[in-house]
Amino acid sequence: MAATGSEQTGHGAYYVSTPIYYVNDAPHLGHAYTTVAGDVLTRWHRQRGEKVWYLTGTDEHGQKIMRTAEANGVSPREWCDKLVEESWKPLWEHLRIANDDFIRTTEKRHTDRVQEFVQDLYDRGEIYQGGYEGPYCVPCEEYKTYGELLDGEGEYAGQKLCPIHKKPVEMLQEENYFFKLSAYGEKLLEHYEAHPEFIQPESARNEVMQFVRQGLEDLSISRSTFDWGVKIPWDDKHVIYVWIDALLNYATAVGYGSDQRKFDETFPADVHLVGKDILRFHAVIWPAMLMANGLPLPKRVVANGWLMVGGEKMSKSNLTGISPHELTDHFGVDAYRWYFLRAIAFGQDGSFSWEDFSARYTSELANDYGNLASRVAAMVGKYFDGALPEATAHGEAEQTVADGLAKAVREADERIGEQLDFAGGIAAIFDFIKQVNGYLTEQAPWKVAKDTSAEAQERLATILYTAADSLRACAVLLNAVMPDSSAKLWETLGAEPALGPLAEQRIAEAGTWGKLPAGTTVTKGAALFPRLEETK
Ligand code: MSP
C-alpha cells in the first residue's frame, strides 16, 4: 500500500472505493478485478493532477466469517488478522495497489462510529422493533424473497437455493430491529431520475429502478442469534446486521464522527465500485441510510460484471485452482493489471482464459508495444550513440502521428477518467501504438540509415525522434495501468532528468507533441514484456 496521506489534505478529493471484501478466505481473481480497476481509475485521476482518496478494506463481521473461523478452530478475530496480514494486504502490495487507506470493520475507529450512526437513526425514529421470518443466504448475508429462490436438484433436491450461490438457504425467524427502508422508495426514485449517472451502467440502473418501483420492505438491521458483530448501542443482546456495519465503512474511514475536516473534503464518494451482485445494497440501502441521516449521497455507483469460469460467477469454490499469483508469476504484474481491463468491457461479464491472455500478451504487449520500445532504443543507440536526435525534418507523416497521439489522449481520458470504459481507453492507446509501428514500417529508418547524405540523416533523426516522443506519451498514458513497465520505459528514454518523475506527468499534457527534449540518453534496457515461457 502506497499511503500518501500527507499529500492528500486540502479540498475536494476524488474519492473512490472498492467493496470491503469478506475475509472468509484468500482473495481471488474476482476480488482483484474490482480492486485493480479502482487503482487504475485513481492513478489516472492523480495524473490529472487531482487529489484522490482510494479506499479498500475488509468486511470481518457476520455469520459467514464466524462459521469459517469456527470450522478452522480459531476465533473470528484471529482468523481475520491472519488472512488480512498474510493474504489480503500482501496481494494488494504485489499488484501495486496504491490505496490511501485500508479499513477493517473490526477496528475501533469503525465500530464506535457505526454505533453512533445507528443510535442517531434510532433517535430520529428511523428504527423500530419487530419480527421477521424468511429464507436467509449466509454467503450473501441477506434475506431472500421466496420468488427469487431456485429449486434444488441432486444433493439439494427438495431444498430452496440462493440464485447466486446455488446453495440451500436457511429459514430464520427473529425478533429484531428494523430500518424504515420502505419510506424511501419515492425519494430514491426521484434521485435516480434527477441523477441518471447515479447508477451505472444503464442496465444496472434499470434493474435497480424496477426493483424499487415494486415497493421496498423495511430492513432488518440486527441479529440476536450470534454475537460476532457490533452491538446495538441501546440493546446489547443484538448485533448490527453485517451489511449496515459494512456500508458505513465508506463514512467511518474518511472521518465520519471523528475528523470533520477530512470528512467534509472527502465524503461522499465520487465512485463506489461494486460487483453487480451487491448493487442493491449500494444503490438502494446505502443512499436510504444516508438520506435518513441527512448526509449527502455518493455521485456514482458503478457495477462491474463477473469474471466467469465455466459459465458461473468465479468464486472460492469454482476457481479451478488459478490464483492471482499463478498468473502474475507467468505473465507479470503489469500484464495482469492490463489484461482483465483490456479484454472485458467493464460492466459486462467476461470469461477468463489462459489462451486468450497468452495470445493478447504476445500480440499487443510483447510484439506491438515491447518491440516498438526496444527497436527504437536499439536504433537510437546504433545510429546516434544513444543521444536522442532532434526532429528537424518534421513533415506530413510526423504530423499524422502527432495528431494520432492527440486523439488517443482525448479518447483515453474521456473513457478511462470519465466513463470507466477501461477497455475502450486502453484500446485507444494501443491503436496509437499500432499507428507508430505502421509509421516505422513505412519510413523504414534502417534503410534511410544506409544513405549518408545530410538530408537522409535528418530524416533518420526525425523518424527516431518521432517514435521516441510517441513512446514518451505511451509511458505517461499507460502508467496508471502498468506502472512497472512504464517506469522502465521512462528510464530507457532518459526522460526523468528532463521531465521529472513519471507519476508527475499530466494526462492533459501527454498529447503535447515534442515534450521529450533532444539530447536525452536513450538506453536499451531489458525487454518490457519478455517472451512467455511455454509452460502452459
Ligand atoms: N463484504 C461484501 C461487500 C461489502 S461492501 C460495503 C462482499 N464481499 S465479497 O468478498 O463477497 O466481495 C464482493 C466483491 O468482490 C464483488 O462485489 C465484486 O466487486 C468482487 N468480486 C467477487 N467475485 C467476483 C467475480 N467473480 N467477478 C468480479 N468481481 C467479483 O460482498
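In each ligand, atom 1 is the first atom listed, and ligand 1 is the first ligand listed. Every heavy atom of this structure was used, including side-chain atoms; hydrogens, water molecules and symmetry mates were not.
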Y22 to ligand 1: N or O pair under 3.5 Å? yes
Quick look: D277 vs ligand 1, heavy-atom contacts under 4.0 Å, and the answer is side chain
Looking only at heavy atoms, the pair that brings G424 and R415 closest together is C-CD, 3.5 Å
- P139: heavy atom below 4.0 Å from ligand 1, yes or no? no
H165 and C137 have their tightest heavy-atom pair at ND1-SG, 3.8 Å
Run the contact test for W243 against ligand 1 with a 4.0 Å cut-off on heavy atoms, strictly below, and give the result. yes
I'd like to check whether T34 has a polar contact with ligand 1, where a contact means an N/O of the residue lying under 3.5 Å from an N/O of the ligand. yes
ask   = For ligand 1, is H282 a contact, meaning one of its heavy atoms is under 4.0 Å away?
value = yes
If you compare A303, G30, C140, G275 by their heavy atoms, the one closest to atom 24 (C) of ligand 1 turns out to be G30
_Against ligand 1, does E141 come closer than 4.0 Å with any heavy atom?_
no
Does atom CD of Q159 have more than 12 heavy-atom neighbours, drawn from other residues, nucleotides or ligands, at distances under 6.0 Å? yes
Does ligand 1 have an atom under 4.0 Å from some heavy atom of Y250?
yes
Under 4.0 Å from one or more heavy atoms of D59, ligand 1 contributes atoms 1 (N), 2 (C), 4 (C)
Here the atoms of ligand 1 under 4.0 Å from any heavy atom belonging to G305 are 28 (C)
Ignoring hydrogens and geometry, is there a side-chain-to-backbone donor-acceptor pair from Y241 to E141 under 3.5 Å? yes
Discussion item. When you compare ligand 1 with I278, is there at least one nitrogen or oxygen pair between them that comes in under 3.5 angstrom?
Written reply: no
message = Please determine whether a side-chain nitrogen of the Lys or Arg among K89 and E93 lies less than 4.0 Å from a carboxylate oxygen of the Asp or Glu.
response = no
Counting from 1 in the order shown, the ligand 1 atoms closer than 4.0 Å to a non-hydrogen atom of N304 are 28 (C), 29 (N)
Please check whether L307 reaches ligand 1 - meaning an N/O of the residue sits under 3.5 Å from an N/O of the ligand, judged on distance alone. yes
Salt bridge (Lys or Arg N to Asp or Glu O under 4.0 Å) pairs touching residues 238-252, sequence neighbours excluded, are none
In terms of heavy-atom contacts, E126 and A292 come closest through CD-CB, 3.8 Å
In ligand 1, the atoms that come under 4.0 Å of a heavy atom of A246 are 6 (C)
| query | For the residue pair Y336 and F340, does the interplanar ring angle fall in the parallel (under 30°), tilted (30 to 60°) or perpendicular (over 60°) class? | reply | perpendicular
- Message: Main chain of R223, side chain of N176: is a donor-acceptor contact present, judged purely on distance under 3.5 Å?
- Response: no
